[in-house]
Asks: 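Okay, handing you the structure first.
Residues take their numbers from the sequence shown, with the count starting at 1. Read the numbers this way: they start at 1 and go in the same order the structure lists the ligands and their atoms.
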Amino acid sequence: MSKPIVADNKSVRVDLVQGNDYYFCACGRSKSQPFCDGSHTGTSLSPLHFKAERTGPAFLCQCKATGRAPFCDGSHSRYTEDQIGGEI
Ligand code: FES
């Protein structure tokens with residue numbers, strides 16, 4: 001069973017478009033954070049598909065420990081710079 005890795009210890013602001021489909025990186029390995037770039041291949045993890053409910057800015061999780069994926073819930077505050085790239 002693969003574990004997500006901490007892509008960053010802060011959220012990222014993105015501009016979403018209502019009704020559009022997005023694939024949120026749940027594994028933390030994507031080089032196109034916060035979205036999937038296929039880097040989860042070979043792990044037991046897969047991206048989270050979501051459809052934007054409204055147009056506008058959103059803060060998406062990059063630590064991959066949020067309890068309300070794909071959105072930030074503040075969980076990143078428990079990770080230091082040194083923990084970036086390590087398992088959650
Ligand atoms: S690259 Fe992380 S879920 Fe696809």
Asks: Pairs under 3.5 angstrom only: tabulate donor-acceptor contacts from the side chains of residues 32-39 to other protein residues two or more places apart or in another chain.
Replies:
{"unit_1": "Q33", "atom_1": "OE1", "unit_2": "K64", "atom_2": "NZ", "d": "2.9"}
{"unit_1": "Q33", "atom_1": "NE2", "unit_2": "S30", "atom_2": "O", "d": "3.1"}
{"unit_1": "D37", "atom_1": "OD1", "unit_2": "S39", "atom_2": "N", "d": "2.9"}
{"unit_1": "D37", "atom_1": "OD1", "unit_2": "S39", "atom_2": "OG", "d": "2.5"}
{"unit_1": "D37", "atom_1": "OD2", "unit_2": "K31", "atom_2": "N", "d": "2.9"}
{"unit_1": "D37", "atom_1": "OD2", "unit_2": "S39", "atom_2": "OG", "d": "3.3"}

Asks: Is the closest side-chain heavy-atom distance between L48 and Y23 below 4.5 Å?
Replies: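 No. Closest side-chain heavy atoms not under 4.5 Å.
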Asks: Taking 2.8 Å as the limit, list every protein N, O or S atom around atom 2 (Fe) of ligand 1, by chain and residue number.
Replies: C25 SG, C27 SG
Asks: Are I84 and I88 linked, directly or through intermediate hydrophobic residues, by side-chain heavy-atom contacts shorter than 4.5 Å (ILVMFWY only)?
Replies: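 Both belong to a single hydrophobic cluster.
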Asks: Within the structure provided, determine whether C63 and V6 are in side-chain contact (heavy-atom separation under 4.5 Å).
Replies: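 They are in contact (side-chain heavy atoms under 4.5 Å apart), so the answer is yes.
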Asks: Taking side chain as C-beta onward, heavy atoms only, is H76 less than 4.5 Å from D8?
Replies: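 No, every pair of side-chain atoms sits at 4.5 Å or beyond.
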Asks: Please work out whether the ring planes of F50 and Y22 are parallel, tilted or perpendicular, with thresholds of 30° and 60°.
Replies: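 Rings of F50 and Y22: parallel, as their planes differ by under 30°.
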